[in-house]
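Quick note on labels: first sequence line is chain A, next is B, and so on, each numbered from 1.
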Amino acid sequence: MKLIMAVIKPFKLEEVREALTPLGVEGMTVSEVKGFGRQKGQAEIYRGAEYMVNFLPKVKLEIAVKDDLVASIVETIQKTAQTGKIGDGKVFVYSLEQAVRIRTGESGADAL
Amino acid sequence: MKLIMAVIKPFKLEEVREALTPLGVEGMTVSEVKGFGRQKGQAEIYRGAEYMVNFLPKVKLEIAVKDDLVASIVETIQKTAQTGKIGDGKVFVYSLEQAVRIRTGESGADAL
Amino acid sequence: MKLIMAVIKPFKLEEVREALTPLGVEGMTVSEVKGFGRQKGQAEIYRGAEYMVNFLPKVKLEIAVKDDLVASIVETIQKTAQTGKIGDGKVFVYSLEQAVRIRTGESGADAL
Amino acid sequence: MLIENLKHTLSKGVARLAGVVGAAMLLLVMSGAAHAEVPGESQFVFNTFSFLVHGFLVMWMAAGFSMLEAGLVRTKNTAMQCLKNVALFSIASIMYYLIGYNLMYSGVDGGFMGSFSLWGQDDSAAAAGKFVGDGAVGYSAASDFFFQLVFVATAASIVSGTVAERVKLWAFLAFTVVLTGIIYPIQGSWQWGGGWLSEMGFADFAGSTLVHSVGGWAALTGAIIIGARKGKYGADGTVKPMPGANLPLATLGTFILWLGWFGFNGGSQLAMGSAADAIAISNIYINTNIAAAGGVLAAIVLTQLIYKKVDLTMALNGALAGLVSITAGPDTPSLGLSAIIGAVGGVLVVVFVPLLDKLKIDDVVGAIPVHLVAGIWGTMAVPLSNADASFYTQAVGVVSIGIFVIVTSAILWFVLKMVMGGVRVSPEEEEQGLDMAECGLEAYPEFRGSQTI
Amino acid sequence: MLIENLKHTLSKGVARLAGVVGAAMLLLVMSGAAHAEVPGESQFVFNTFSFLVHGFLVMWMAAGFSMLEAGLVRTKNTAMQCLKNVALFSIASIMYYLIGYNLMYSGVDGGFMGSFSLWGQDDSAAAAGKFVGDGAVGYSAASDFFFQLVFVATAASIVSGTVAERVKLWAFLAFTVVLTGIIYPIQGSWQWGGGWLSEMGFADFAGSTLVHSVGGWAALTGAIIIGARKGKYGADGTVKPMPGANLPLATLGTFILWLGWFGFNGGSQLAMGSAADAIAISNIYINTNIAAAGGVLAAIVLTQLIYKKVDLTMALNGALAGLVSITAGPDTPSLGLSAIIGAVGGVLVVVFVPLLDKLKIDDVVGAIPVHLVAGIWGTMAVPLSNADASFYTQAVGVVSIGIFVIVTSAILWFVLKMVMGGVRVSPEEEEQGLDMAECGLEAYPEFRGSQTI
Amino acid sequence: MLIENLKHTLSKGVARLAGVVGAAMLLLVMSGAAHAEVPGESQFVFNTFSFLVHGFLVMWMAAGFSMLEAGLVRTKNTAMQCLKNVALFSIASIMYYLIGYNLMYSGVDGGFMGSFSLWGQDDSAAAAGKFVGDGAVGYSAASDFFFQLVFVATAASIVSGTVAERVKLWAFLAFTVVLTGIIYPIQGSWQWGGGWLSEMGFADFAGSTLVHSVGGWAALTGAIIIGARKGKYGADGTVKPMPGANLPLATLGTFILWLGWFGFNGGSQLAMGSAADAIAISNIYINTNIAAAGGVLAAIVLTQLIYKKVDLTMALNGALAGLVSITAGPDTPSLGLSAIIGAVGGVLVVVFVPLLDKLKIDDVVGAIPVHLVAGIWGTMAVPLSNADASFYTQAVGVVSIGIFVIVTSAILWFVLKMVMGGVRVSPEEEEQGLDMAECGLEAYPEFRGSQTI
Ligand SMILES: Nc1ncnc2c1ncn2[C@@H]1O[C@H](COP(=O)(O)OP(=O)(O)O)[C@@H](O)[C@H]1O
Ligand SMILES: Nc1ncnc2c1ncn2[C@@H]1O[C@H](COP(=O)(O)OP(=O)(O)O)[C@@H](O)[C@H]1O
Ligand SMILES: Nc1ncnc2c1ncn2[C@@H]1O[C@H](COP(=O)(O)OP(=O)(O)O)[C@@H](O)[C@H]1O
């Protein structure tokens with residue numbers, strides 16, 4: 001099992017989710033994060049002082065999946081979340097040793 | 001060392017935390033997330049338009065622990081967070097290569 | 001590639017970010033979390049009832065980096081985020097199997 | 001003319017005898033001079049204008065209660081709390097027209113209630129050129145209706161705060177229908193309608209008992225029958241605080257109520273067409289203001305002493321308790337005494353909020369200490385400055401109205417329980433929050449809040 | 001004296017004939033009696049005071065619109081919505097002085113507009129000791145100016161809500177300049193300025209048509225020309241709700257508007273110096289109040305029936321629709337009829353909000369159902385209780401003003417499009433939110449909100 | 001009668017000479033006609049009613065300051081800011097009764113202060129049938145007390161905004177005790193109490209200097225002595241913005257203040273019992289309104305030009321600066337001049353906010369530019385339209401009051417520092433936020449906010 005963690009632009013969330021469903025992704029966990037990267041933040045003004053907001057709002061997805069799905073999911077996320085503009089985000093993959101479904105106690109790939 | 005990441009129902013947080021203390025869990029990091037899974041979101045109405053809120057509020061725990069504690073912790077979380085109703089959440093485990101306590105610079109299992 | 005995950009005190013964020021830039025860190029993802037550890041929460045009073053707020057606000061950084069940078073980054077975070085007082089936080093490191101830049105589709109170390 | 005006007009005021013409301021005494025005494029002093037300079041029609045306009053201006057201030061209190069309560073509940077119940085307050089004001093507006101006003105004021109004659117009939121304006125005396133004095137009313141019928149109407153809504157707002165976060169919307173609205181259409185008007189008729197209590201000499205100038213403790217009793221009964229919020233009290237007696245989600249909103253609500261109270265107490269002079277009335281209203285304003293100030297400072301000092309921190313929510317409740325305390329007699333005390341009366345109200349709040357928690361009576365916004373406890377205190381404090389009021393009669397009023405409201409509202413809650421299959425949402429709905437469960441929307445959909453962290 | 005006063009009122013505003021009828025009838029009854037007791041200068045003071053008090057209530061509605069709209073937009077556009085409301089009130093204040101007032105009131109004489117000139121106060125009659133009656137004005141010039149001015153801002157606020165979250169700041173402000181300086185005053189002159197509509201016998205006491213539907217037409221035109229928010233309507237006809245970020249704020253805004261409406265309708269009696277006027281204003285207050293109540297309850301019941309949940313935002317819009325509905329004739333109906341008129345307004349809102357979405361007309365805050373639809377309904381409902389109004393004339397007024405406003409504001413939006421290179425922000429700026437894009441700051445910088453989760 | 005009334009006004013407040021001039025000139029024109037139609041007792045009622053209505057509007061400004069400041073501080077200090085505002089209003093209410101009023105008004109006689117004594121109402125003239133004219137007061141004593149009292153609180157509110165987010169609660173409250181009980185009343189006696197400044201011919205109709213710049217000087221002194229917030233200014237001169245957490249609340253606060261200002265300036269006419277007074281008040285209303293509008297538009301245009309974005313917080317401060325600017329003389333200028341006076345105020349805000357940051361004077365809400373800078377400007381602008389005011393005398397007033405307030409409040413802060421072991425919370429408490437540190441609760445406990453991201 002792998003955990004795929006993707007950081008994307010917030011307004012792409014719904015689209016990505018819909019694109020993943022046909023691939024067999026049945027669950028994911030989403031959080032609001034702020035990202036810092038090549039894309040620089042925007043200047044804000046507050047009471048006459050300009051300042052940089054370095055961190056931009058992004059959405060982070062965490063999706064636990066069976067190994068064989070990883071490639072297609074990563075590709076789909078990459079394609080769907082892409083706008084071609086800077087700040088589109090990243091996809092990371094790492095290894096999961098265990099997964100348990102709390103409701104049933106099932107574990108391993110069955111828990112996903 | 002392992003990192004245990006659990007996604008649970010928000011109102012179970014306090015109970016889970018209390019159940020873990022006797023096992024020797026001395027720290028954890030918690031974040032508010034939204035989950036998408038078998039449990040479907042709820043219909044909301046806004047100004048005459050019904051719509052699905054697909055993502056439900058969940059709480060995510062991240063707990064770094066020594067290898068020997070993993071089994072009991074995962075089990076305790078699974079038991080305590082269980083309501084038996086859909087949407088109870090998941091527990092994931094993955095390997096940690098390093099841990100450092102910022103205050104002291106200690107590293108490895110001592111840092112937890 | 002490794003993923004460095006650090007939990008630090010919120011007001012240290014800016015300083016840490018600035019300290020990492022010269023090391024070659026070009027991106028990171030930040031989220032607001034609540035931490036529970038040796039540092040105990042504070043008593044609040046509400047309408048005559050005192051109660052403990054067990055979870056304290058922290059900031060979590062996730063930074064994907066090439067292997068050779070890990071040591072210096074972990075050290076820098078540990079040094080910069082340190083106040084010497086309880087609750088300074090932790091740094092964790094784990095292995096990343098893959099990284100993809102959504103905008104370009106580049107993968108591996110190039111994507112970071 | 002002035003004397004006639006006063007007579008009229010007296011005849012309309014023997015009920016408010018106590019309140020008029022200050023003006024009456026002033027009048028006696030005045031009566032030697034040739035002062036009757038305000039023409040009758042001008043008096044009529046002044047009196048009417050006073051009802052309208054003070055009435056819109058009281059109407060504004062509906063916003064105050066909404067904001068106070070919306071600020072003191074948790075996010076997940078906030079939209080519901082707003083909805084209840086908008087709805088109850090609307091219900092009161094209609095019920096008081098359909099039943100309430102005449103039940104309270106028409107043909108009470110020393111008895112126990114008025115008549116069941118639609119209200120309709122009767123301005124015939126004015127139309128016949130009789131503006132004040134014998135046979136005249138002294139103000140436009142609708143202005144009086146407006147002023148009385150906005151009082152009714154206040155009582156219902158009080159209940160809404162206490163039983164927040166668990167009562168079913170429609171059960172609460174049904175309760176409001178009866179409270180504003182029947183319960184409030186009947187007990188109101190006893191005093192302001194010229195019923196038996198007013199004949200006994202009970203003194204409640206602007207309604208510490210008739211409005212505030214009525215709301216408070218109904219709230220208390222509701223809190224007991226409906227029960228505490230899930231998780232509020234541990235089996236071991238621990239109290240789990242469920243902090244209000246938006247304290248600036250609660251602060252705003254308090255300021256709105258403070259402002260509205262000038263209308264509540266000032267307008268209850270019921271007239272403004274003479275120098276004596278204008279003087280009386282002015283005194284009422286400053287007494288009302290300083291009582292609120294006394295309540296705030298008492299609450300601040302006391303929470304600092306007890307908890308070593310100052311609890312903003314107690315300071316806000318302290319202001320309101322000060323205001324409720326002075327409401328039974330804002331016309332007779334000196335400024336200094338008013339401040340003390342208000343300060344005692346503030347102390348009562350700081351004492352009674354945790355006390356109710358000990359008794360496991362779950363009052364979300366502190367309405368029982370503020371409106372019931374301080375309302376009783378204020379009523380009993382009237383004889384301190386008003387020689388025409390007696391502790392005995394005050395106690396009779398407090399107790400008889402208390403019993404009446406407890407009994408009728410208990411019956412009502414039980415009937416609603418049976419008819420509606422419970423007056424309380426399911427535990428799951430309570431967990432989820434009433435906003436999602438009953439409104440299907442969220443008050444702050446974009447600000448993620450968790451009730452657990 | 002009273003008769004002279006009435007005559008004056010009549011001569012100033014044949015325009016408001018309908019509104020005066022109630023008082024006039026009362027007056028006929030009264031005329032036998034020796035009632036003319038309010039001295040002329042007192043009348044002058046009363047009338048002026050009424051304009052000031054009711055005027056500040058209407059001014060307060062600017063805050064109501066701001067809070068309503070700030071609560072119903074998404075976080076990322078909230079600061080902008082506040083800014084637009086503060087700015088438009090300021091623009092209205094200045095434009096009405098520079099052009100508007102005299103274009104609306106000076107020398108209309110049954111025609112289509114007044115004159116282009118700066119307003120300046122003329123209190124010479126009062127200075128000459130003529131307070132009321134022949135040759136007198138009856139109130140201070142500035143108090144009248146103040147009262148009329150605060151009405152103008154209302155119309156502009158309506159537009160701001162509908163086109164929220166996408167219109168460029170400066171395009172909107174430019175639109176406001178012309179709306180408040182020219183469009184509103186010209187059509188206003190037709191009726192309140194004594195122009196052709198008033199000569200036909202059109203009845204619009206406080207402006208269901210002249211203020212609310214004008215704002216509504218301009219909003220509708222704007223919504224169509226500017227287009228819907230990005231992502232609001234799917235290609236397949238789905239409607240994506242974009243819930244308002246702060247419903248307690250929207251509730252507060254509604255209560256503010258409700259309060260302000262007593263000024264809006266009550267002050268439109270234009271006089272308060274006699275018992276007849278005081279009675280009329282009082283009746284207006286209670287009719288206004290119960291219409292709002294009717295609107296709320298209708299919306300609550302209807303959303304419960306249709307959706308099995310009660311939509312707070314609909315209840316709030318229901319209150320406002322009730323208020324708009326009664327505004328054309330708050331003086332003549334009975335309390336019961338007023339409640340019904342308001343309730344119909346509430347029903348219209350519940351029906352028209354989703355209907356507009358079907359038509360892909362994106363009205364962020366529901367201003368079109370509330371101000372336009374209910375405004376038309378209210379205007380057409382006047383003849384139900386006012387014998388001097390006819391359905392035909394009412395329809396003529398509604399249609400002619402509708403056409404005028406649609407045409408002029410459409411032209412204006414198109415001109416602005418050309419001159420300013422579009423009246424709408426770029427899709428990226430819309431995605432990002434107007435607060436960052438045009439204000440460079442955030443309304444709630446510390447509360448992270450995501451529009452997507 | 002009218003003349004007597006005016007005489008009275010003059011004798012009570014030679015202090016406000018300038019303000020009366022407009023009315024006086026009007027009066028001269030009027031004096032030929034038989035206009036004295038308002039009976040004395042009616043005048044008394046009108047005057048009293050004006051104090052009450054305008055007084056409650058000013059009282060409402062307390063809510064405005066609370067919301068403005070609660071919106072402009074960061075989340076972690078919001079509950080504290082609410083608490084301070086509720087508490088200071090309460091303290092002012094009590095101190096002004098205990099010491100302030102008589103120190104300001106009783107027996108000043110051209111001197112430097114009144115007497116130390118409790119205030120008590122004296123309505124004996126009215127009781128003896130003397131309502132206006134020789135030997136009469138012209139209004140109820142309590143109504144005047146109420147109106148003066150609500151002014152005091154304003155001055156204290158100003159300070160609270162500037163020193164927010166770092167001053168200790170109890171130090172601030174102790175400061176407020178002395179400010180409202182002693183400092184404000186003493187300087188107030190110089191002018192409104194009929195002291196030396198009023199004898200010189202200083203003109204400050206409603207308090208640009210006496211109220212606003214007094215608050216501003218005290219705030220400036222406090223900001224310097226207490227120092228900037230931790231982290232606000234970098235060693236290298238960089239300014240770290242700490243954005244206000246809730247801008248709709250700040251917008252609401254501004255609208256509340258704008259509304260309240262009609263009471264502030266309008267009520268300062270001190271009478272309403274004649275057509276001349278009614279006219280004067282009306283003119284004051286519209287001048288006040290257009291000055292605010294001018295301030296908003298100037299701030300908007302200027303921030304657009306300078307920053308290419310429009311800063312909402314500057315627009316809000318612009319409104320307030322416009323209002324403060326017109327406060328010294330809202331009675332004499334034309335509408336056009338009033339707009340310009342207000343616009344200059346708006347410009348001053350946009351210039352002075354960053355300037356203060358350059359000087360490392362940390363003014364959290366912009367109170368110093370708004371109340372001090374615009375207050376001085378407004379005072380110096382009086383001679384532009386008021387022939388009885390001279391630049392020299394105006395400057396004497398500004399400077400003498402400035403020095404007095406700076407010296408007394410500096411001493412006071414230093415004494416408090418010694419007595420209380422510092423007037424500032426510890427750096428840890430500041431980091432954590434005053435809500436947790438001193439209130440032990442959070443303003444928005446469910447909305448996680450981080451000050452760092
Ligand atoms: N090394 C990294 N570790 C973790 N997150 C990163 C890293 N680099 C970028 N990110 C995340 O990806 C987002 C987009 O990255 P950015 O460099 O701005 O654009 P792009 O990926 O298009 O080059 C950032 O806002 C941040 O959230
Ligand atoms: N594959 C997954 N990857 C990451 N998180 C998941 C995954 N599946 C489920 N989750 C998380 O677990 C929560 C519960 O899952 P759900 O399928 O609704 O219920 P259950 O686990 O009871 O079958 C989801 O809301 C989501 O946060
Ligand atoms: N075992 C753990 N797993 C995950 N996060 C932890 C763990 N222990 C501590 N933390 C995080 O680190 C923060 C600081 O830890 P704490 O024990 O309070 O202080 P210190 O690290 O200085 O001893 C906690 O608030 C929590 O967010």
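Interface residue E:E442: only backbone heavy atoms are found under 4.5 Å from chain F. E:L118 does not touch chain F: none of its heavy atoms, backbone or side chain, sits under 4.5 Å away. Heavy atoms of E:T78 lying under 4.5 Å from chain F belong exclusively to its side chain. In this structure, chain F has a heavy atom under 4.5 Å from the side chain of E:Q121, while its backbone stays farther away. Only the side chain of E:T48 comes within contact range of chain F, with heavy atoms under 4.5 Å apart. For a residue to count as touching a neighbouring chain, one of its non-hydrogen atoms must lie under 4.5 Å from one of that chain's; by this rule E:F56 touches chain F with backbone and side chain alike. Only the side chain of E:L149 comes within less than 4.5 Å of a heavy atom of chain F; its backbone N, CA, C and O stay farther away. Neither the backbone nor the side chain of F:A319 comes within less than 4.5 Å of any heavy atom of chain E. If you measure heavy-atom distances from E:Y97 to chain F, the contacts under 4.5 Å come from the side chain alone. Using a 4.5 Å cut-off between heavy atoms, E:L98 makes no contact with chain F at all. Within the 4.5 angstrom heavy-atom criterion, only side-chain atoms of E:V53, from C-beta onward, approach chain F. For E:L83, the parts lying near chain F are the backbone and the side chain together; criterion is any non-hydrogen pair under 4.5 Å. Using a 4.5 Å cut-off between heavy atoms, E:L52 touches chain F through backbone and side chain atoms alike.
Between chain E and the residues F:G336, F:S42, F:S50, F:A292, the largest count of heavy-atom pairs under 4.5 Å involves F:G336. Between chain F and the options E:G55, E:S140, E:A87, the largest number of non-hydrogen pairs under 4.5 Å is found for E:S140.
If you take OH on F:Y285 and CZ on E:F145, they are separated by 15.5 Å, rounding to the nearest 0.5 Å. Here the CG-OG distance, from E:D123 to F:S282, works out to 7.5 Å after rounding to the nearest 0.5 Å. We find the CD1-OG distance between F:I300 and E:S90 to be 6.5 Å, quoted to the nearest 0.5 Å. With values rounded to the nearest 0.5 angstrom, E:N85 atom CG is found 9.0 Å from F:T251 atom OG1.
For the pair E:E41 (side chain) and F:S274 (backbone), a donor-acceptor distance under 3.5 Å is absent. Distance alone, capped at 3.5 Å, is enough to place a donor-acceptor pair between the F:K309 side chain and the E:M436 backbone.
By the 30° and 60° cut-offs, the orientation of the rings of F:H54 relative to E:F49 is tilted.
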**Item:** Step-by-step side-chain contact (heavy atoms from CB on, under 4.5 Å) determination, E:L252 to F:L252
**Value:** CA-CA 10 Å; E:L252 175 65; F:L252 175 65; 3.6 Å; yes
